[in-house]
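Shown next, in C-alpha cells, is the structure this report addresses.
To find a chain, count down the sequence lines: A is the first, B the second, and so on, and within it residues start at 1.
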Amino acid sequence: MSIEVRVPTILRSHTGNQKLVTGEGETLAELFDSLEAQHKGIKARVVTEEGSLHRFVNVYVNDEDVRFIGGLEAKLSDGDQVTILPAVAGGM
Amino acid sequence: MSHALSEGFWPGDAACTLACVLRIAHELVEAMVAHARADHPDEACGLIAGPEGTGEPKRHIPMINAARSTTFYEFDAEEWKQVYDQMWDNDEEVVVAYHSHTHTEAYPSRSDTGIASQLGLPGAHYVLVTTRDPEVAEVRSFRIADEVVTEEPIEVTGAPEAVQSYKFAHTPDSTVYDCS
C-alpha cells in the first residue's frame, strides 16, 4: 500500500525539501500518521488538535477534494495520489 | 551582490529571502489590473507562475473567486488543483499571488496576513491591487511570513502603456535593487 503525496513548498521544511514523498494508510488519517513518522511536524500543519483538517488547507485524493469524500476518513487505495495545497484566501 | 539601497528606503529586511523587489513585465501588471477592474466590486484573485527556482513571473493565471464577495476572496479548490497540476507538470512555481481590494487600500488585511502565515506560499510576492478609485488603480507588493508584512518595491520592465491606468505606491524612482 503506497500512496504518493505532493508536498506544497510551505511544508517542504518537514520533508528535507522533497516535493514528492510516499506514505501508507487505509484512510487519510492513517496516511498522515505514516507521514508524521517520517517527516516530523507535518501532521500538525494539516490536522488540528481536535482531529480535523485545518480550515485553510486543501487536501485532495487524486482530483477529489477530501471535504466531499469523508475528510480524514476518506478511503485510500494503492497507487492513489494525495495533494496538499494551501488554501489561498483572505479578505478586507 | 551589493545592496544598492538609497538611504532611508528599503532596509535589507530578513523577510527578503528570495528578492526584495518584484521585477515584472508591464503586460502582467496591466493584466492583473484589468482582472481586478473586470471583477469589481467583487474581489479578484489570481497567480503569476514562473519557472521553478527562477522567481521570474511569466504566466498570468486569473482565478475564480469562490467567495464571490466584495470583502473576501478564496481560490476555488477544484480550479486550484487543476492549475497546480499544470504548474507541477511545467516545473513552475507561484511567483505572484494577487488579489484586489475594492473599497480599501492595497495593503494586506489581518485575514490576508493570518491565512498566508498559517499555510501560505513562501517565496511568493503577495500583490494587492485596489480598485476603489474608478480611474487609477494602485498596485503594491509584499512579502508575508510569520504574521509579518514587508512591503517591497515593484520594478516594471518593458514600456508601459502611454496613459497609465494604475500607479505604484512606495516604488523607487530609478535605482535597481538587487538583494540576491
Does any heavy atom of chain A fall under 4.5 Å from the side chain of B/Asn65, the backbone, both, or neither of them? neither
Flag the pair B/Leu119 / A/Leu11 as yes when at least one side-chain heavy-atom distance between them is below 4.5 Å, and no otherwise. yes
Could you state whether B/Leu47 and B/Val29 fall into the same hydrophobic cluster, counting links through intermediate Ile, Leu, Val, Met, Phe, Trp or Tyr residues with side-chain heavy atoms under 4.5 angstrom apart? no
Closest non-hydrogen atoms of B/Glu43 and A/Gly90, given as atom of the first, atom of the second and distance, are OE1-O, 4.4 Å
Looking at B/Asp146, I'd like to know if its CG atom is crowded, meaning that more than 12 non-hydrogen atoms belonging to other residues, nucleotides or ligands lie closer than 6.0 Å. no
Are B/Ile61 and B/Leu22 joined in one hydrophobic group, where the rule is that I, L, V, M, F, W and Y side chains link up if heavy atoms are under 4.5 Å apart? no
What are the two closest non-hydrogen atoms of A/Pro86 and B/Leu121, and how far apart are they? CG-CD2, 3.8 Å
Run the salt-bridge test on A/Asp63 and B/Lys81 with the 4.0 Å N-O cut-off and return the result as yes or no. yes
Step through the shown structure and confirm whether more than 12 heavy atoms of other residues, nucleotides or ligands are within 6.0 Å of CD on A/Glu36. yes
Okay, A/Arg55 and chain B: the region with an atom under 4.5 Å from a heavy atom over there is side chain
Under 4.5 Å from a heavy atom of chain A, the part of B/Tyr84 involved: side chain
Find out if a path of hydrophobic residues (ILVMFWY) with successive side-chain heavy-atom gaps under 4.5 Å connects A/Val47 to A/Ile42. yes
The interface call for A/Tyr60 against chain B, heavy-atom contacts under 4.5 Å, is side chain
Validation row: A/Val88, B/His99 side chains within 4.5 angstrom (heavy atoms): no
By a 4.5 Å heavy-atom criterion (distance strictly below it), what part of A/Thr9 contacts chain B: side chain, backbone, both, or neither? both
Return the CD to NZ distance between B/Glu93 and A/Lys19, rounded to the nearest 0.5 Å. 9.0 Å
Applying the 4.5 Å side-chain criterion to the ILVMFWY set and letting contacts propagate, would B/Val129 and B/Ile24 be lumped into a single cluster? yes
Tell me which of these, B/Phe75, B/Trp88, B/Tyr107, has more heavy-atom pairs under 4.5 Å with chain A than the rest. B/Trp88
State yes or no: do B/Tyr166 and B/Val96 share one hydrophobic cluster built from I, L, V, M, F, W and Y residues joined by side-chain heavy-atom distances below 4.5 Å, directly or via other members? yes
Answer yes or no: is there a side-chain heavy-atom contact under 4.5 Å between B/Trp80 and A/Thr83? no
